[in-house]
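For reference, the structure is listed below as structure tokens.
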Amino acid sequence: MRYLPEFQMRWSRFFLQTVREVPADADAVSHILLTRAGMLRRVSAGVYSLTPLGLKAHRKAEAIVREEMNRAGALEVELPILQPRELWEESGRWSRYAAEEILFHLTDRKGGEYCLAPTAEEAVTSMVRAGVTSYRQLPVTLYQIRTKFRDEIRPRFGLMRGREFLMYDGYSFDADTEGLDRSYRAQEAAYRRIFERCGLDFTVVDADSGAIGGSASQEFMVLASTGEDAVVRCPACGYGANLEKARTGPRPVPWEDETITGMQEVETPGRGGIESVVEFLGITASRMIKCLVYETEKGCVVALLRGDLDANEVALKNALGVDHLALASEEKVEPATGAPVGFVGPHALPEGIRVIADESVRGAVNAVTGAGRRDWHVRGFATERDARVDDWAEIAQARAGDPCPRCGKPLEIARGIEVGHIFKLGTKYSTALKCEFTDEKGDTKPAVMGTYGIGVGRTMAAAIEQHHDADGIVWPLALAPFAVEIVSLNSADEATRQAGDALYEALAASGTEVFYDDRDERPGVKFKDADLLGFPLRVNVGGRALKDGNLELVTRHDRKVRLVPKDGAAEAVRKALEELAAR
RNA sequence: CGGGGCGUAGCGCAGCCUGGUAGCGCACCCGGUUCGGGACCGGGUGGUCGGAGGUUCAAAUCCUCUCGCCCCGACCA
């Protein structure tokens, strides 16, 4: 067997099978194309094998992450994938993750419990605490790029949301929050370089840092219609936030300049929901105030929102300072509020139940809301006069068209794929795991941590979501498994074979990543496959052009064809690649 | 977790309702004709019909259980 450098390959000796038909279980474009291009095979729900070609693209993405992280001063480590329960007990995450059933766990022959790591805060923190004793040893940022395991509720979209996946995970340790700011910004800068190099159109949004107690968190979102997450953006000023985190400016109010009137009851038989009441009374939804009853670990809570708005449960959770939040079941609403679902009245609530109101109902007059008894609503409701509000907060979800919180221009809602996340963690893990050092004054302090993640396979899939056409993948040069594909139009023809071989050898000799379709197939088949595989540059060898001493250079992204003389072809290819790289 | 659907050849599917020894397209192998955008003709290879149990003279088909997979939803009053 002849040794072949990995940057060159003849298809006739490669392990690659493309498929014509769309696999039945593939839904996302990237999943379909990765499967059809023979790069990816499903083994089980959310578990995939990569073929040699798939691995090459995956490794490209991985190498870019590694290069940029090394450049940013982070140090690569290897932390265990198989982690003992005790380590997770130290941080308190075992019970939480096990309860959420996200953790794959197993038992060894002695009955010891382990998990397959979904992330490695505990492992890295225990590594650092064993080595760092002084502020002089800080800061340090450690990272790894290894397989992670999460028992996702619903794996889907191929590499996009798997149960086993390759992830970059980085962890910074600083002596103080100013240090953390610097480490965090260094990661952010590295992330930007990584996704730019991958040719991705992305946006950075504020994300919820939630109950974990972090102080800041941002997500890197690749904009794509198939994205699983909704992101709110302001085209005017660049504001961006995850839907859960998004704020809005003050919305126009329907009751502006109206004078306050008395409250009067109106019979609304069987009309519980907002839509139903709106229709029955002939009013707009924004004229209504909805009362949502939530159960939390601290008891039932009533949330007031304008009728046309939806609750942002993450914001609500944060505003209430609770860990658990769920809409109360129908049977529980009446005992808690004195009225059945659909008729709860903010003015008719029992003492003791906590009431939190969204800013959208502040100053409301002449509003309509539940009367606090079945089949009755009230008109002329005025929040400040009639309701007892314990807390005011922004707990409504942003909508497209709502004013931007920064500049007031209309917001847009787009779909995005979360490819990376950076998070100022603080001292949660360093305190729990006693990762402490001595500062200048001799005091013992926990390290201030940041945690960072990039989905490698997801980044690759996102690149395909953004770069494809009806015929196949259009790889950005940086992620393409091969830069060039030589298509021999007639492998049986001696002159064609010689010209193809010569170009292949010349490119291989100069280290160009070249794939040579030397199969005994008809040209049409090869063209279709070349488009499907989507390498940035294709060289057609043979036919009419070759008779004139020329080869055809075809760029995948714009399908432009240009003729180059056979003899200078290798040089022309290298130049074309430089042009593509500069694009 | 709730609802719906699907497991039949490597891939995509039909057959099931109304039981009677398993079929189509693609791919694959052989021969021939073709050869610049997924060729054509002829001949072939390949399936314990997801698994277990049951009914029956006879089960892909009917019944029971089970495993796997896919899609939608997870309550906004």
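Only this structure's heavy atoms are used, side chains among them; waters, hydrogens and symmetry mates stay out. Residue numbers start from 1 in every chain, and the chains themselves are labelled A, B, ... in the order their sequence lines are given, proteins ahead of strands.
Across all strands, A:Ala328 comes closer than 4.0 Å to base atoms (heavy-atom distances). Among the atoms of the strands shown, base atoms are found under 4.0 Å from some heavy atom of A:Val293. Residue-level contact check: A:Asn540 touches the bases, meaning some heavy atom is under 4.0 Å from a base atom. Across all strands, A:Gln17 comes closer than 4.0 Å to no nucleic acid atom at all (heavy-atom distances). Note on A:Asn490: nothing from the nucleic acid sits closer than 4.0 angstrom, heavy atoms only. Among the heavy atoms of the strands, none lies under 4.0 Å from A:Arg399.
Here the P atom of nucleotide B:A74 and the CZ atom of A:Arg156 are 11 Å apart, to the nearest Å.
B:U64 and B:U55: their P atoms are spaced 15 Å apart (whole Å). For B:U18 and B:G73, the C1' atoms lie 36 Å apart once the distance is rounded to whole Å.
Remark: B:U48 base-pairs with no nucleotide; criterion is Watson-Crick or G-U wobble with both hydrogen-bond distances under 3.5 Å. In a base pair of the Watson-Crick type (N1 to N3 plus N6-O4 or O6-N4) or a G-U wobble (N1-O2 and O6-N3), with each distance short of 3.5 Å, B:G10 is matched with B:C26.
If you check B:C70, B:C11, B:C75 against the side chain of A:Leu327, the one that comes closest is B:C75. With B:C76, B:G38, B:C70 as the candidates, the nucleotide lying closest to the side chain of A:Ala311 is B:C76. Here the side chain of A:Glu21 is nearest to one of B:G25, B:C76, B:C72, namely B:G25. Picking from B:C69, B:C76, B:G37 the nucleotide with the shortest atom distance to the side chain of A:Phe527 gives B:G37. The side chain of A:Ala45 lies closest to B:C70 when the candidates are B:A39, B:G36, B:C70. When the nucleotides B:G12, B:C72, B:A77 are ranked by their closest atom to the side chain of A:Lys290, B:A77 comes out on top. Of the candidate nucleotides B:G37, B:A77, B:G36, B:G37 has the atom nearest to the side chain of A:Lys528. Comparing atom distances between the A:Asp529 side chain and each of B:G38, B:C71, B:G36 picks out B:G38 as nearest. Checked against B:G38, B:C13, B:G37, the side chain of A:Ala24 finds its nearest nucleotide in B:C13.
The shortest distance between the side-chain N/O atoms of A:Arg20 and the OP1/OP2 oxygens of B:G25 is not below 4.0 Å.
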How far apart are the C-alpha atoms of A:Trp11 and A:Phe515, what are their side-chain angles, what is the distance that settles it, and do they pass the ring-ring contact (aromatic ring centres under 6.0 Å, His included) test?
-> CA-CA 7 Å; A:Trp11 193 325; A:Phe515 190 67; 5.4 Å; yes

